[in-house]
Each structure stands twice: as structure tokens, then as C-alpha cells.
Number of protein chains: 4
Amino acid sequence: MPNKEKHNAIIASALALFSKYGFHNTTIAQIAKNIGISAGSIYSYFPSKNSLAKAAITFVTRILAKQLRVINEKEASSQEKITLFVQSYLTFVSKHPEMIEYFFKVYLTNKEIFSEEGKSGFELAQDFINEVEKLIDDGVKSGEFRAGNFYIAFSSIVGILGAITFLSGEKVLDKNLDIYTQDLSNSICRALS
Amino acid sequence: MPNKEKHNAIIASALALFSKYGFHNTTIAQIAKNIGISAGSIYSYFPSKNSLAKAAITFVTRILAKQLRVINEKEASSQEKITLFVQSYLTFVSKHPEMIEYFFKVYLTNKEIFSEEGKSGFELAQDFINEVEKLIDDGVKSGEFRAGNFYIAFSSIVGILGAITFLSGEKVLDKNLDIYTQDLSNSICRALS
Amino acid sequence: MPNKEKHNAIIASALALFSKYGFHNTTIAQIAKNIGISAGSIYSYFPSKNSLAKAAITFVTRILAKQLRVINEKEASSQEKITLFVQSYLTFVSKHPEMIEYFFKVYLTNKEIFSEEGKSGFELAQDFINEVEKLIDDGVKSGEFRAGNFYIAFSSIVGILGAITFLSGEKVLDKNLDIYTQDLSNSICRALS
Amino acid sequence: MPNKEKHNAIIASALALFSKYGFHNTTIAQIAKNIGISAGSIYSYFPSKNSLAKAAITFVTRILAKQLRVINEKEASSQEKITLFVQSYLTFVSKHPEMIEYFFKVYLTNKEIFSEEGKSGFELAQDFINEVEKLIDDGVKSGEFRAGNFYIAFSSIVGILGAITFLSGEKVLDKNLDIYTQDLSNSICRALS
DNA sequence: CATGAATGAGACTTCATTCAT
DNA sequence: TATGAATGAAGTCTCATTCAT
């Protein structure tokens, strides 16, 4: 693999275009042109368009997982952690909407791209999911969150954040995203408690 | 097969295949073959593949909106209405997973499919959104839900249900969906109150 | 499969171009243009370029096998049968050089096209090979040919005819092919006896 | 690695890969990697892939011509020479099947590879052909072979050997090639006499 | 209205060849 | 001379859409 900088530039380009136009409406040629390289060049870095989409997901997932890991390792109540996470998440959405939109739009809606041979593409996000699980578990242990089904708790966090992200991307929100931090944290904590 | 019947059969076929394989991985020929008609004849009913996708989403949206309208018109507390809605929704997911998966998939990726037409896929769901708004408003008026930003409340309902639907589609849930009715209603009501 | 006539026209076009320019130097577009249809059209008849090459081999092989079968079924000495076969073969080469050249050039030299999953592409010619075997066996039984290894006898017939065909295709022969009938039959019979 | 040595290593690598996968299914990169050099550096030795193919065929042809020349210069009957040639040829096929397979493959498909250059692949083999001609002429002069058309005699030798080589390459022969030496020589001599 | 063969535009991908280092 | 990243041209194949029957 030639060059790490270009590798990342390709991912960034793909991320931006996939999230904007969708995976199937973005061509390799566009991704290449977008960063001033030739289409064939991309194949020195990624063996296929699908693999590029996967690399992009891994890229975003790692960032999200890392952010949450840092928060998980802090000394703070679980409610505070939720707030911190919502905060860092919304900031991230503001700064890199294309990454989050990619995560929610392309990833969730194009299973056929990410899964292979019975293996759910879901596993690509495992790192992030593990951190969410830890966040929930810790809260249950400390008594701040009620014990209950993991998937419902997971849905309460990720679903609410995902939905508000979607609305933001659709430009239906009148204000800046960070305005909603406290209110969203509140709703999530209540849903979990 | 009368006109209207074939029209609906085409939508049902499209719905099933789009949700299973994705819009771009489903061909008009497959949709046609699936119900034993010719590819060309689909164009007697829908002017394009995109228009078929739109008709399908309208079809599903109307069903969801109608279900919620019936519940909204009942004499019941808002909490009970939430439970009723979750219940009817989960039943619907169990019976017609393809419709709900398509519903979420299309909305998440509407840009990909509908972007060129000016009208966002989001707008197509206005009926349904209006009913959700009414559900929330009524709860706020009755004092059961806290007053607050509509979009956050909307996200709390639709986001949580969407997330659990996604997990169900990914086959990561160990049990039947309806098991989660009470727990989910609980989480949603807490998030709103 | 739409239409038998066009199916055969495609095979004929492929045969002519493959034998003239080689498999890899012939494009689907050329094959199509050659008979005035669109490139995509070919894929209604053959799922891939490789499959078209295979169909062409089967086509030629069947003709060769049929010719030899007719001769094998005649009442004649084996030597006479050899002569008849050489005669009919040379006539065929004169009339349809592209078919025979295809057989010897494309088929023999592009194994990767015709074989699949351990299965030797050789089997595509089985019909013809069987007839050659019968021709030899009958001669051995009648005492005209010496008993011996089948593959050597096979090589004596097919190798000699193949080589003269090749030379003919290379335009190094000064005279018409049929001039050589008696001489070739002679050589083959001696090689076998 | 000195100049000449690398030159030959490239030819050997090309020979092995061309014969195994075919000219068009072998990439310059593979040829290079196979001997641990870079793709670009092949162009320091050969101006194009085609020229490399030509150099390879010349290389093999010279070996074959030389072997036959040595035999031609011996004091022996023509029949003995045929046997010697068959023997040395089969040994060569056993030791370097890739060279012989390439030899036949290239000549059969020379149009595909060399056509644009005006000079047919056939001409490249002139050295070898001359030696075959001498072998035949000597036999005719000594009365061992019957006088007749050169091309038929040539086909009898090269066609039979080519066919058995092909069968060997197809792995349809049950035994080692050298087993067939006497039998093959026999057939060839009879065909010529 | 139905059919389905035909079209043609366009996508992904490969690879010989070049050239700056 | 060596390297190998980059190019760009080309080829296979797909499929929404059309249209003659």
C-alpha cells in the first residue's frame, strides 16, 4: 500500500460522496476526481468499491469508539457520561456530518455491501458497540440505570441520537445541534433509568 | 388480474425485494418475475423505477399513519397510547418486516433515490409525522409528557423503534419482537416524561 | 433464449473473429457490430464471453463429430474411411476455415477459457474424440491398423490434419488443400498400420 | 544479478507463466514478482510485453533447432535420427513442459500476439523449420522416406509430436512421456516412408 | 394492455506502460 | 538501472427503458 496520506484522502473522499449521494450513485471516478487522482489509482489502495465502503465504516467506527472509550474511562457518574457522550457526539456531527451520515445512511441501509457469507456487516461496528455496552453496564452496576434488556437500552441511546442526526441532516432542525445536548441527554437518561 | 390489484401486487413485490436486496440490487425484471408478469408491463403502471419506489413508500407510510391515527382517536391516556402504538407497530414489523425495513431504509437513504426530484422522501411521510406530533402534543397537554423540543420527542419515539427494528432485521435479538413491547413502551414514556 | 437464428449468427460471428484475431483481441462489441446488433444484446443469448467461446467449440465439434459418424457408419475398409474423412475434413476446412482455425487455435491455446474447476475443457470435444476412437478401433479389429496406444493413433490422425490445417491458415501452402487428400490419407494410414 | 542473467531470468519467468496462464492472463507484474524484481525494470530489458513474448519464443526455438541440428549432423540412418529426435524432444517436454507448451501455443496463436508486427510468428521459427527440412531431405535422399510434398512430411513429424504434447499437457496420458518414444518414432517413420 | 427482445449508456475493474525518485 | 505509484485506455457486463408485435 503506497502511501498512508492518500489512503486516508480516498476514505475521506468516499465518505463525503457516499454520504451525500449514496453508495450506488457515487462512482469510483468521482471519488478519484474529487481528490485529483485517477480512478485506477484507487485500486492500488482498495481492491474494490465495496472494500472501500467497508474501510470507511471501520474508520468512522474507530473514531466513535475511541471517543466513547475515553469517556467510559473517566471518573464520573453514568449520567454525566451520557451527557459527555452526547456532547462529544453532537460536536462530531457538526464537524464531520459526512462521517456520521455515512454511518447511519450508507451503513445501515446497504447491508449487501458490508455483509459477506452469512457474516453480518454489523460486526464492523463491534468496537463501538462494545463501548456502548460498557456505558450501559456501568450505569446498571452503579444503580443509575435500571437493569433490563441490552438491546432496548442500546436502542435508546443509539436510536435517539441517530434520529436527531437524521433530522439534522434533513435540515429540519431550526437551531444548531449543540443546543440540544442537555435535552437529549435528559431523554436518554430517563429512557435508561 | 384487475388494474388496481396488479398495481398493488407490483408494489408488494417491489417492497419485498427492495427491502431484502436494496433498491439498486433489485431489477425491474425481478420485481416482475416475482409476480409472474413481464418487465415491460410494470411501465404500464409506473413511469419509472424511482416512481415505483415512491409509490411503495407512500403505501407503507399510509398504513403506519392510519394505525397511529386510530390510536390517537381512542379514549386513553398518552402512556396507554404509546403502549398501543408500540404494540401495533411491533406486530406490523413481525407480519411485514419488509415494509418496515423498506420504510426505514428509504427514509435514511431518500437522497439516494429521491434527491433529483426536489421533494425529499421525508416529506412523503408527512401524514405519519403529523400523527406522531399529535400523540406527543396530546401527552404534553395532559401533563403526562414534559414540554420540550418536538424533534427530540420525535426522535425518542421513532429513533428507539427504528433502532430495535434494525436490530431485529439484523437477527441479533434472541426473542420475538413482541416480548419487548412493555419494556420499549416504558423506555419511550420515560424519555418523554 | 429469444431467437435461434440470432443465436447462431452470434456464434458464427464469434467464430470468425476469434479465429481471425484471437479470443482476447476480439471484443464483444466487435462480435455484435459484425452482425449489426448491440453489444448488450449478446448477453441475452450467452451469459459471458467465455460461455460464448464454449458454445462455439461445441458447435464446431458437433459438426466434425457428425461428419465422422456418417463415415464410420459406412460399409468400407478403414483405409477408405480415412480417405473419406480426410476428404470431407479438407473440404470443410476450405469452406469454413474459420471454424477449424477456431478449433485448433482458440481452443487448443486458451485452456483457461474452456476448463473450469478441474474439469478439462477437453471434454467439450468428447463427441468428436469418440468418433475418432471408433475409427481407430474398427481398423484395429479388421487388422488394417496395428494395435497400439490409442493416444499415439489419435495423434497421428488429428496431429497431421491439424498441422496441415495450420500451414494452410498460414498461407504457406502453394496449392489448394484438396490436392493433398490422397497424400495425407496415405501418410495417416501408414502411421497407423 | 548481471545483465544477461536477469535478461534470461525474465524470459524464463515469462515462459513459465505464459504457458501456464496464457499470454493475456499473465501480467508484467506477475512475471516480475516471480523473480523478485519490479515491474518497471522489465522495461529496461524489453520494450514491451509483446517483445518479451517474441524473445521467449526465439529462445525456445533456438534450443529446439540446436537439438535437431546436432542430431542432423550425426552419422546415422534417418530412421535412427527420427528416433533420436523424438527421444530428445520428449525428454525436453518432460524437463521443460512450459517451454514446449509455450512453443506450440505461440505458434498456434501467433496472429493474436504478433499480427500487428507484420512478421508472423511462423517466420520466427525458421531455424527450426530448416532443420526439420534437412532431416526429411536426407531421408528422401537415402531412400528411407518417400519423396513427396514437404508440408505433409513436416506435418507428419511436427503434427504428431505436437498432438502428443498437447495430450500430455492435458494430463490424459496415463504414463510418462518417454514410454512412447519407440511407438511414436515408429508412427512417424511409417508416415514418412 | 402485455410481452420481452433490444438498446445504449455507464459502471467497475484491469493492466501495460511511464516517470519521478 | 531499479522502483512502484500513477495513469488512462479499454473491456466486460448490467439494466432501466423502449417499442414492435
Side-chain angles (χ1 to χ4, degrees), chain A residues 1-3 5-7 10 23-33 35-52, chain B residues 1-3 6-7 23-33 36-53, chain C residues 1-3 5-7 10 23-33 35-52, chain D residues 1-3 6-7 23-33 36-53:
Chain A
M1 194 181 317
N3 166 333
E5 235 172 80
K6 194 170 281 186
H7 177 98
I10 293 171
F23 178 80
H24 291 285
N25 290 321
T26 302
T27 69
I28 288 285
Q30 285 164 9
I31 295 171
K33 194 178 181 187
I35 51 174
I37 65 175
S38 72
S41 214
I42 290 196
Y43 288 84
S44 307
Y45 296 83
F46 303 93
S48 69
K49 193 183 177 189
N50 269 18
S51 76
L52 174 53
Chain B
M1 180 156 41
N3 238 326
K6 192 178 276 190
H7 179 99
F23 178 79
H24 289 281
N25 291 310
T26 302
T27 68
I28 289 285
Q30 284 165 9
I31 295 171
K33 193 179 181 188
I37 66 175
S38 73
S41 91
I42 286 190
Y43 287 83
S44 303
Y45 296 84
F46 302 93
S48 71
K49 192 184 177 189
N50 268 10
S51 74
L52 173 52
Chain C
M1 194 181 317
N3 165 334
E5 235 172 79
K6 193 170 283 187
H7 176 98
I10 293 171
F23 178 80
H24 292 285
N25 290 320
T26 302
T27 69
I28 289 285
Q30 285 164 9
I31 296 171
K33 194 177 180 187
I35 50 174
I37 65 174
S38 72
S41 214
I42 291 196
Y43 289 85
S44 307
Y45 296 83
F46 303 93
S48 69
K49 193 184 176 189
N50 270 18
S51 75
L52 173 53
Chain D
M1 179 154 45
N3 238 326
K6 191 178 276 188
H7 179 99
F23 178 79
H24 290 281
N25 291 311
T26 301
T27 68
I28 289 285
Q30 284 165 10
I31 295 170
K33 192 178 181 188
I37 66 174
S38 72
S41 92
I42 286 190
Y43 287 83
S44 302
Y45 296 84
F46 303 93
S48 70
K49 191 183 179 189
N50 268 11
S51 74
L52 173 53

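Between the CG atom of B:L52 and the C1' atom of F:dC15 there is a distance of 15 Å, rounded to whole Å. Taking atom CG of A:N25 as the reference point, atom C1' of E:dG10 lies 13 Å away to the nearest angstrom. Atom CD1 in A:I35 sits roughly 13 Å away from atom C1' in F:dA6 (whole-Å rounding). At whole-Å resolution of the value, CD1 in C:I10 and C1' in E:dA6 are 11 Å apart. Residue C:H24 contributes atom NE2, which lies 11 Å from atom P of E:dC15 at whole-angstrom precision. As a whole-Å value, the separation of A:E5 CD from F:dA6 C1' is 16 Å. At whole-Å resolution of the value, CZ in D:F23 and C1' in E:dC15 are 12 Å apart. One atom, NZ of C:K33, and another, P of E:dT7, lie 14 Å apart when rounded to the nearest Å.
Taking each heavy atom of B:T26 and B:K49 in turn, the nearest pair found is O-NZ, 2.7 Å. Here the shortest heavy-atom pairing between B:F46 and B:S51 reads CB-OG, 3.5 Å.
In this model, the phosphate group of F:dT3 is not approached by any side-chain N or O of D:Y43 to a distance below 4.0 Å at OP1 or OP2. The shortest distance between the side-chain N/O atoms of D:N3 and the OP1/OP2 oxygens of F:dT1 is below 4.0 Å. Side-chain nitrogen and oxygen atoms of B:K6 include at least one within less than 4.0 Å of the OP1 or OP2 phosphate oxygen of E:dA2. Taking only side-chain nitrogens and oxygens, A:Y45 comes nearer than 4.0 Å to OP1 or OP2 of F:dA6.
Atom CD1 of C:I10 and atom CD1 of C:I31 lie 9.0 Å apart (nearest 0.5 Å). Atom CD1 of C:I35 and atom NZ of C:K6 lie 7.5 Å apart (nearest 0.5 Å). Taken from OG in B:S41 to CD1 in B:I28, the straight-line distance is 10.0 Å, to the nearest 0.5 Å.
Take the nearest nucleotide of DNA chain F for C:Q30 and for B:G40: the residue whose nucleotide is more 5' is C:Q30. Both B:T26 and C:S48 sit near DNA chain F, but only C:S48 has its closest nucleotide nearer the 5' end. When the nearest nucleotides of DNA chain E are assigned to B:I42 and A:N50 by heavy-atom distance, the more 5′-ward of the two goes with B:I42. For A:A29 and D:P47, each mapped to the nucleotide of DNA chain E holding its nearest heavy atom, the one lying further toward the 5' end belongs to A:A29.
Pairing of F:dT21, defined by two Watson-Crick or G-U wobble distances under 3.5 Å, is identified with E:dA2. When both distances must be under 3.5 Å, the Watson-Crick or G-U wobble mate of E:dA11 is F:dT12.
Of all nucleotides listed (F:dT12, E:dT17, F:dT17), E:dT17 comes nearest to the side chain of D:I28. Closest to the side chain of A:I37, out of F:dC13, F:dT17, F:dT7, is F:dT7. The listed nucleotides are F:dT17, E:dA11, E:dT17; the one nearest the side chain of A:T27 is E:dA11.
Backbone-only contact: B:S44 has heavy atoms under 4.0 Å from sugar-phosphate atoms and none from a base. Using a 4.0 Å heavy-atom cutoff across all strands shown, C:S38 reaches at least one base atom of the nucleic acid. Among the atoms of the strands shown, base atoms are found under 4.0 Å from some heavy atom of D:S41.
Counting heavy atoms from C-beta outward, D:L52 and D:Y45 have side chains that stay 4.5 Å or more apart.
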